[in-house]
Amino acid sequence: MPKHYLWVIGEGIKTYRSGEIIVDRYQVQDDQILLDTQPEKTPQMPEEIPGEIEPYLRLFPYRLHIPQVYGILSVTEKKRTREIWLLEGGPINSNSGSLMPKIATSWKDATPMRQLNWLWQIAQLWQPLNVQKVASSLLNSENLRVEGQLVRLLELQADQKSLTLQHLGRFWQKWASNAHPAVEKFLKQLFHQMIAGEVYNADQLIVQLDQALELLGRSQIRKINIATATDTGPNRSNNEDACYPPSKTAISYPPSYKTVAMVCDGIGGQEGGEEASELAIKVLCQRLHNNIPEQGDALTITTKLEESAYAANDAIYERNDNEQRQGRQRMGTTLVMALAHLHELYIAHVGDSRAYWITPTRCYQVTLDDDVATRQVRLGYSLYQDAVNQIASGALVQALGITASTSLHPTVQRFPIDEDSIFLICSDGLSDRNRVEEYWQTEILPLLEGKTNLATVRDRLIEIANATNGHDNVTVALVYYQVTDKGQITELSVPPVKVQHLKVEKSRKNSEFNSSDNQFFDNKPKNFPYDSEYKSGWFYLSGILILLVLGGILAYFLSPLAKELTPPWPVKSPNSSTVAANTEKPSQQPNPTSSPSLSLDIGSLILINHSDRSQEKSQEPIELLNNRTNKKVKGIVSNGSILEVTRKLNQPEETWLELQVVCSTETPSNIDPEFSNVLLQPKDKGWIEQAKIESSSDVIILEKNSEKLDGCVED
């Protein structure tokens, strides 16, 4: 079994030397590396989560790159207690206990495809880490490690100042001279654009790297091998799982809409789970066959996968309604799907069926279960090791067919592939009790080493699931992604100087925004687009003067109309940055009882006032999202809460507000029990579309000196 090494942070570790044993369990291996000699036991849990640890929990979806908090040690010496935080899943070799190499060390020997791949991963991490104020973790050469294709962080480091892509461009610039000749000119120009402020957000940066990866990927030959199997198991009378391609099938294709593997695990009612799984597979196959373009970009492919999941959900949901299924009799199914397209592999996911990525060095779980335990971690309430031991921790919070698609939030991830890789997707009949982590080295890794074949590995995994778990149906699909270089690499041209804005598309579900596969939108930095070293203050002053002159002329000619439209409530005067940035399209006409969009600036205060209508079943609670792409709900705002607008992000099709809970003037006694465990607390932040605030009759804009603030008491 691989050894369980931990990276540790905190002053307390400095008092121990190599070889010492802490609390009869943790052996000190090196400066900040411990070996857990009893990994089968639950580690000590903290009573409270301090602010400096919370970003690890908030960034739980990025655990492929970021270690997670395993537990805590409290060390007492000289009447002083110090804390040692234990991080698991870091870039530590599980055999030797040594750190993985730094990216700066491995950079010069990497292939051009891998160099771009590493930069692409850092670009994907930039905004989510910036939101949590730990983006400086990506600007430290010691902290950035690599495991083959993957970029890994040792730990998260708090920002000491506001960071922009200019800082990242300057950090990357020192790697340009050692870049592969095929990408050297491209990267030098890209880094220059970042430093000059021409590429000012991560979306633009990712688009540039995406285009380069696609062009460079043409120098490689890619082949996808897929093998599937499903089995009832020794203790079940019927099989509620389903897979595609059909069980005991083995196929081989170049990347296209045909290179797709799916696993569904049905739930609910007599034979309902089986029916739901089969219906989901049928609908998904139809949608993918008709809608996946041969040369689609990442945004298009991601959107099509999301829409396919919605279509499958609608089909099951409508059948539940038609058959008048209620409560636990409503059938549903999980979904995990892998689609190979060009140089990437996409993973779409709903529920607790899983996807794993097996490389020569490690087995990575790339999906997060949509269950109560994961939700508790992502909300920052508890460590994962603690959450999984709670009652009903494995209860699903979403699955296909249970609720309408407006409440469904499928996750779509994508992975550029530059070397042979195996993706295993499976139902929990195999993944339960960590069987994949236990057997990947002996059963799956030999496939990468050329010592066995796909069908043999597939059948062996079914045998292991039945022998060591056996409590459920089991379904597996293996996707073997093989990459061969053609031998000729074309030098990339430099990126365009002017970066075009991303194309924005809307899905059919409530016209909600679907970006490529970013977990967050990028907001423009406050000093957008240039630092003072590139533009003087006279540039801004002249712009403001021009705007004031134009505004005076318009006011003179339109004053009669302006008097008719002047609202009866006080409206804040927009500052210069608001005038420059607020070029959004008018949103829908707000409800007369709500406040106008002009008053929803940064610093505005909002009171949630449901009054008696909060008791109605039709009344939907106001939800804040963790991010704006996959629509993961962070929590519910209780009645009487006062919120402050902390950020405002204008997009071509819609405007988003980041709101922070200031306090609540009422107790959440009337809240629906369904939402009681996800109520947002003071200082919690989340995102919501401005149009939803404007159209709500339950929102009141407060003045800074409002009497409501006098009675504001933190929950």
Side-chain angles (χ1 to χ4, degrees), residues 59-68 88-91 94 117-118 120-122 124-125 128 146-153 224 226 259-265 298 301-302 305-306 309 334-341 343-371 373-374 377-378 384 398 409-428 430-432 434-441 444-445 447-448 461 475-481 516-519 627 629-630 632:
L59 294 168
F60 190 52
Y62 301 90
R63 66 177 188 172
L64 195 62
H65 308 282
I66 299 170
Q68 284 299 301
E88 66 173 340
S94 59
N117 194 352
W118 286 341
W120 182 89
Q121 293 173 54
I122 295 174
Q124 291 280 351
L125 292 170
V146 289
E147 291 184 28
Q149 302 178 72
L150 279 172
V151 173
R152 312 290 309 287
L153 303 185
I224 314 300
I226 299 175
T259 49
V260 60
M262 308 178 202
V263 168
C264 291
D265 183 356
I301 301 300
T302 299
L305 290 173
E306 289 175 341
T334 67
L335 167 67
V336 60
M337 172 171 54
L339 172 72
H341 183 79
H343 61 286
E344 296 177 312
L345 190 115
Y346 291 73
I347 299 290
H349 174 258
V350 177
D352 62 354
S353 294
R354 293 181 179 178
Y356 295 87
W357 185 4
I358 291 88
T359 72
T361 56
R362 198 179 295 220
C363 172
Y364 305 95
Q365 180 185 330
V366 299
T367 56
L368 291 177
D369 296 345
D370 286 320
D371 60 13
T374 298
V377 177
R378 296 186 64 173
Y384 187 72
Q398 68 169 358
H409 308 289
T411 300
V412 179
Q413 303 173 76
R414 60 187 174 112
F415 305 91
I417 307 297
D418 61 39
E419 70 174 3
D420 290 0
S421 299
I422 297 171
F423 284 81
L424 165 67
I425 62 177
C426 63
S427 63
D428 57 2
L430 174 62
S431 62
D432 277 354
N434 299 320
R435 297 308 183 197
V436 177
E437 291 85 351
E438 184 178 353
Y439 286 97
W440 75 271
Q441 282 186 308
I444 305 177
L445 188 58
L447 183 59
L448 280 176
L461 291 175
T475 303
V476 300
L478 287 162
V479 180
Y480 187 10
Y481 198 118
S516 53
D517 73 327
N518 294 6
Q519 296 300 317
N627 57 69
T629 50
N630 62 11
K632 290 290 186 181

Got a donor-acceptor contact below 3.5 angstrom from the [X] side chain to the [Y] backbone?
X    : Y    : answer
S353 : L335 : no
H343 : P416 : no
H409 : T411 : no
T334 : D265 : yes
R435 : D428 : no
R152 : I66  : no

Can you find a pair of side-chain heavy atoms, one from [X] and one from [Y], that are under 4.5 Å apart?
X    : Y    : result
I347 : V412 : no
V476 : I425 : no
E419 : P360 : yes
H65  : Q121 : yes
C426 : T475 : no
I444 : Y439 : no
L345 : R414 : no
P61  : R378 : yes

Is a side-chain donor-acceptor pair under 3.5 Å present for [Y] with [X]?
X    : Y    : answer
D371 : T374 : yes
T367 : Q413 : no
E147 : Y364 : yes

- Task: Would you check, one step at a time, whether the test side-chain contact (heavy atoms from CB on, under 4.5 Å) holds for E344 with I417?
- Result: CA-CA 6 Å; E344 296 177 312; I417 307 297; over 6 Å; no
- Given the rule in the side-chain contact (heavy atoms from CB on, under 4.5 Å) test, do I422 and L448 qualify, once you have shown the distances and angles that lead to the verdict? CA-CA 8 Å; I422 297 171; L448 280 176; 3.7 Å; yes
- Applying side chain to side chain donor-acceptor pair (under 3.5 Å), run through Q149 and S421 and close with a yes or a no. CA-CA 10 Å; Q149 302 178 72; S421 299; 3.0 Å; yes
- Message: Looking only at the aromatic ring of each residue, does the gap between the centers of Y481 and F423 stay below 6.0 angstrom?
- Response: no
- Task: Given ring pair (Phe, Tyr, Trp, His ring centres under 6.0 Å), test W440 with Y356 step by step and report yes or no.
- Result: CA-CA 10 Å; W440 75 271; Y356 295 87; over 10 Å; no
Heavy-atom closest pair, residues [X] and [Y]:
X    : Y    : result
V436 : S431 : CG2-CA, 4.2 Å
V263 : A477 : CG2-CB, 4.1 Å
I226 : A261 : CG2-CB, 4.0 Å

- Measure the acute angle between the ring planes of Y346 and H341, then classify it against the limits of 30° and 60° as parallel, tilted or perpendicular.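 Answer is perpendicular, since the angle exceeds 60°.
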- Partner of R63 by side chain to side chain donor-acceptor pair (under 3.5 Å), out of E88, Q68, Q365: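 That would be Q365.
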- Could you please spell out the steps behind the side-chain contact (heavy atoms from CB on, under 4.5 Å) verdict for L64 and F415? CA-CA 11 Å; L64 195 62; F415 305 91; 3.6 Å; yes
- Thinking salt bridges, do D369 and R354 make one under a 4.0 Å N-O criterion? yes
- In this structure, OG1 of T302 is separated from CG of L339 (nearest 0.5 Å) by 10.0 Å
- Message: Using side-chain contact (heavy atoms from CB on, under 4.5 Å), reason through L478 and L461 one step at a time and then give a plain yes or no.
- Response: CA-CA 10 Å; L478 287 162; L461 291 175; 4.3 Å; yes
